[in-house]
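Report on the following structure.
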Amino acid sequence: MGNLRILIIFIGLLLVVAVFTYPSWRPRPIIETAEDIFPELDAQLRPLFDELPSNLQTIYLTLRQENRIIAEALVTARLTPPERLIEELPNVSNAVRIIQTRFAPVALPTTETKREIPFYQELYEALGEVSIYRYPDERLLLRLDNFSVVHGPDLRIYIVNLPDPINTEELGNDFIDLGALKSNSGNQNYDIPRGLAIRQYGSIVIYDRLSGHIFGVARLG
């Protein structure tokens, strides 16, 4: 009986000690950083990745599981400081501005039921105004003002049939490629093929050829 009492007292003492010393021996939580989930990312960019919102980090990690090289390129481009470009507006005194629109978040009509926005679309955003000028000789000029977009590894600027494309398939095969995006920030000019029936197209699209992702859309209609 005496031994049992001693044992109970001993166990009680152990519990008291465990309670009061718990903070010092409890398991440490595992904190994932860019070094953990993107070990190939440049060391200088890792702190910037860790500062991204957790939902964006999760999306990039999901993309990395699908294709490590593309995910690394997307993250590297995003975190690399932009080089702002300020191009002067060419002489448009004898031209007519036939279209004026702006970039807006990629979205579907409220009545849409068959398509779904890609899970990665939350990563991207484009802002700014779009103007298209027509000269008397049928030359066309695309102008971007106060423009910015999340940077990507291979961004292009397309003229596309659909007003609200959400993936590569919806770009179709007859889009107009105006070339590489000059910068992801600033004011820029692009020549449109002379005489193009621009009003027959639906949108201006910022598209990344490497990942196949749409970064921004400006409706033309």
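Quantities reported herein were computed from a predicted structural model and do not represent experimental measurements.
- Atom CD of E66 is surrounded by more than 12 heavy atoms from other residues, nucleotides or ligands within 6.0 Å.
- A salt bridge links K182 to E87: at least one charged side-chain nitrogen sits closer than 4.0 Å to a carboxylate oxygen.
- A heavy-atom distance below 4.5 Å is not found between the side chains of L63 and I70.
- Both L45 and L123 are members of a single hydrophobic cluster when ILVMFWY side chains are connected at heavy-atom separations under 4.5 Å.
- Looking only at distances, a side-chain donor or acceptor of D208 sits under 3.5 Å from a matching main-chain atom of D154.
- Between the Q57 side chain and the F49 main chain, a donor and an acceptor come within less than 3.5 Å of each other.
- Contact check for I117 versus L108: side-chain heavy atoms found under the 4.5 Å cut-off.
- Legend: side chain to side chain donor-acceptor pair (under 3.5 Å) pairs involving residues 193-206, not counting sequence neighbours, sorted by first then second residue: D137-R194.
- Partners of P53 by side-chain contact (heavy atoms from CB on, under 4.5 Å), not counting sequence neighbours, listed by chain and number: N55, L56.
- Electrostatic pairing of R64 and E40 counts as a salt bridge here, judged by a charged N lying under 4.0 Å from a carboxylate O.
- For S183, the side-chain contact (heavy atoms from CB on, under 4.5 Å) partners at least two apart in sequence or on another chain are L85, S185, Q188.
- The closest side-chain donor-acceptor pair between R139 and Y133, if any, does not fall under 3.5 angstrom.
- Judged by distance alone, the side chain of N189 and the main-chain N or O of R143 form no donor-acceptor pair under 3.5 Å.
- Applying the ring-ring contact (aromatic ring centres under 6.0 Å, His included) test between Y124 and each of F215, F103, Y207, F119 identifies F215 as the sole match.
- N187 places a side-chain N or O within 3.5 Å of a backbone atom of N146 that can act as its donor or acceptor partner.
- Around the CD1 atom of I69, the shell of radius 6.0 Å holds no more than 12 heavy atoms that belong to other residues, nucleotides or ligands.
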